[in-house]
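Notes follow once the structure below has been shown.
We count ligands from 1, going down the list as the structure has it; atoms in each ligand are counted the same way. Residue numbers count from 1 along this sequence.
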Amino acid sequence: MGEVRNADVAHILREIAVFLEMQGVAFKPRAFEKAAISIENATEHIVELYEKRGLKGLQEIPGVGASIAEKIEEFLKTGKIGFHEELKKKVPVDLNSFTGIEGVGPKSILKLYQKLKIHNVEELEKAAEGGKIREIGGFGAKTEENILKSITAAKGSSGRMPLQSIMPEVHALEERLRNIKGVEQLTIAGSIRRRKEMVGDIDILAVAKDPEIVMEYFVTMPNVARVYAQGPTKSAVRLALGLDADLRVVPKESYGAALNYFTGSKDHNVALRQIAIKKKLKLNEYGLFKGKKQIAGETEEELYAAFGMDYIEPELRENSGELEAATNHTLPNLIGYKDLKGDLQMHTNWTDGRESVETMAKGAAARGLQYIAITDHTKRLAMMRGLDEKRVRAQWKEIEEANKKLRGTITVLKGTECDILKDGSLDLSDEVLAKMDVVGVSVHSYFNLPREAQTERIIRAIRNPHVDILFHPTGRIVGRRPPYDVDMEKIIKVAKETGTILEVDSFERLDLKDEYVRKCVQAGVKIAIDSDAHIPAHFGFLEYGIAQARRGWATAKDVVNTLSLDKMLRSLKKSR
Ligand code: DGT
Ligand code: CA
Ligand code: CA
Ligand code: ZN
């Protein structure tokens, strides 16, 4: 029992949720999903909680009621849950193998099993290659093609981890290595420096007086699970968290060139090297050379300048137009990591958050924010005690009280995360929505609607003149839940037409993702970068939303919550 991790418990609860969703059971899937999320995020070890306080202890975890607590107990005692086994007997598929395959949700898995006896992703791949999927009602050739694409992509991404989940450990590692005697420079390069949402490994680059000391330290750290190689300039290890890390020590005069090389992306490097060749220069990880003479490479700034380019921020280095823009001096002035003045999505203990309005406001003020919107869920999400019109009005009173107390430090706005119902109508009356300061809407159900219906549903919602922001527009969760099938180009078009803001949700979703942020920027659709905080510590996640927006070429002007309160409010629909 001592070996059961919180993640294992979360995993089996999540499987139950998926099986229940297959059966079309209402509400329950969401309850299991929610319990899984809180167990994953719990700071206590669930085994200890159970050993100390039994079933009661388990029920202290938000979202864990008596029935789920009993199932967890059964799992801790026997390694199994009878309820789970029964569900699995009905549809004996390997759910695990389907994770990360876009467009294949619970309902599709069920259908694939019933029609083609598909149990796992290998069988799915075979069927798709054989053109069998398109023959099933509701799938079609396009879906079959997408499934194949997605399987290929998932194969390439195995072993990768969400940036957000590893950053605390990466920061700690960076800090420790920087403090070793004789270390003059140290940077985490690679996809982490580019702030990609999923990363494959940790690439570390350093300049050090005595590389041997650094290397010896690196391979003997307590969080090292395996040493692949140890040498004077390069060592490689596997960390206990399940990622590899390489450390390279380079000469001072090559640091910029090495940093540039190991930051990547590979496509950016290859393109830059081509430009060097055209200029009759040679670029490698040691520097930029004219014949044998190094003409640049100690810093990255110097390196780009030697090409006549402006400095390119790491988030842009994907060979997607940044080299041309740097040459033409038309790079965007990216939104900065400290540019947000407000946060327009968060939850309180009125629904599934854990703190009061006032505590959340104080937490936000402590982070330097000037305004926040409280956006609790609405009644359709009964499991989360979503607010009806009556409780909304009661919450407004608490917000007014909080504003009186906090005057001069931060302003709390009346907001909502109003549920978009199946037909695109909204979960609160227009009359109540009209009195809100900020109205956000989002989808939390019927993820498997056909593309057209899903798109129309969302469009109907954002055409509502009270709706200011579409929260987490595609519903994805990085590395865990694929986006629902929706025509984002069309939604961006309607957002432009109606003045609707699209959100980047910073809390494990990073939704909108970079690619769609860029489309918004190009279309002139404003975005909001929100924390979706459930406790004040979650305001720290804003950094990841900002990173995603930077990867989408967003400037501060593209992001409404970089505006002062007055200007932000004036940018909303009702004042247009
Ligand atoms: P990852 O680790 O898969 O999330 O992505 P990266 O971009 O960190 O890739 P990684 O760790 O394989 O390599 C780190 C950097 O080294 C990469 O961003 C660019 C550079 N690099 C790696 N392989 C090549 C290559 O074949 N050619 C060039 N020009 N650069 C490369
Ligand atoms: Ca890497
Ligand atoms: Ca690497
Ligand atoms: Zn939501």
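Between Tyr311 and Tyr304, the two ring planes are perpendicular [angle over 60°; tilted spans 30° to 60°]. Between Tyr544 and Phe541, the ring planes are tilted. Angles from 30° to 60° get that label.
In this structure, Arg481 is positioned above the aromatic face of Phe447, its NZ or CZ under 6.0 Å from the six-membered ring centre and within 45° of the axis. Figure legend: cation-pi geometry between Arg457 and Tyr446 absent, as NZ or CZ is not positioned both under 6.0 Å from the six-membered ring centre and within 45° of its axis.
Counting only heavy atoms, the protein never gets under 4.0 Å from atom 12 (O) of ligand 1. There is no protein heavy atom closer than 4.0 angstrom to atom 22 (C) of ligand 1. Protein non-hydrogen atoms do not reach within 4.0 Å of atom 9 (O) of ligand 1.
By the criterion of a heavy-atom distance under 4.0 Å, neither the backbone nor the side chain of Lys196 is placed next to ligand 1. The part of Asp203 lying near ligand 1 is the side chain, judged by heavy-atom distances below 4.0 Å.
The angle that Asp201 OD1 and Asp203 OD2 make at the Ca ion (ligand 2), rounded to 10°, works out to 90°. Rounding to 10 degrees gives 90° for the angle at the Zn ion (ligand 4) between NE2 of His444 and OE2 of Glu417.
Atoms of ligand 1 found under 4.0 Å from any heavy atom of Arg160 (numbered from 1 in listed order, with element): 1 (P), 3 (O), 4 (O). Ligand 1 places these atoms under 4.0 Å from at least one heavy atom of Phe262: 14 (C), 15 (C), 16 (O). Shown in contact with Arg194 at under 4.0 Å from a heavy atom are these atoms of ligand 1, numbered in order with element: 7 (O), 18 (O). Within ligand 1, the atoms closer than 4.0 Å to a non-hydrogen atom of Gly190 are 8 (O), numbered from 1 in the order shown. Proximity to Asp201 (heavy-atom distance under 4.0 Å) selects the following atoms of ligand 1: 2 (O), 11 (O). Residue Val199 approaches ligand 1 through these ligand atoms, each under 4.0 Å from one of its heavy atoms: 4 (O). Distances below 4.0 Å separate heavy atoms of Thr263 from the following atoms of ligand 1: 18 (O).
Side-chain polar atoms of Asn319 and His268 form no donor-acceptor pair below 3.5 angstrom. A side-chain N or O of Asp343 and one of Ser531 form a donor-acceptor pair less than 3.5 Å apart. No donor-acceptor contact under 3.5 angstrom links the side chains of Ser265 and Asp267, judged on distance only. Checked by atom type, the side-chain pair Ser506/Asp532 shows no donor-acceptor distance below 3.5 Å.
Atom 30 (N) of ligand 1 has its closest protein heavy atom at Asn269 ND2, 3.2 Å. For atom 26 (O) of ligand 1, the closest heavy atom belonging to the protein is Lys266 CE, 3.3 Å. Of the protein's heavy atoms, Tyr261 O, 3.6 Å lies nearest to atom 16 (O) of ligand 1. Nearest to atom 18 (O) of ligand 1 among the protein's heavy atoms is Gly264 CA, 3.2 Å. For atom 4 (O) of ligand 1, the nearest non-hydrogen atom of the protein is Ser191 OG, 2.6 Å.
Remark: aromatic rings of His534 and Phe507 are close, center separation under 6.0 Å. A centroid separation of 6.0 Å or more is found between the aromatic rings of His347 and His538.
Assignment of His268 to the shell around ligand 1 is not supported, since no heavy atom sits closer than 4.0 Å.
Contact check on Arg480 versus Glu508 returns a salt bridge, with a Lys/Arg side-chain nitrogen under 4.0 Å from an Asp/Glu carboxylate oxygen. Electrostatic pairing of Lys435 and Glu389 does not count as a salt bridge here, judged by no charged N lying under 4.0 Å from a carboxylate O.
Restricting His472 to its N/O/S atoms, the shortest distance to the Zn ion (ligand 4) is reached by NE2.
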Q) Between Arg550 and Glu322, does a salt bridge (Lys or Arg N to Asp or Glu O under 4.0 Å) hold up when you go through it step by step? A) CA-CA 12 Å; Arg550 285 167 62 91; Glu322 76 279 10; over 6 Å; no
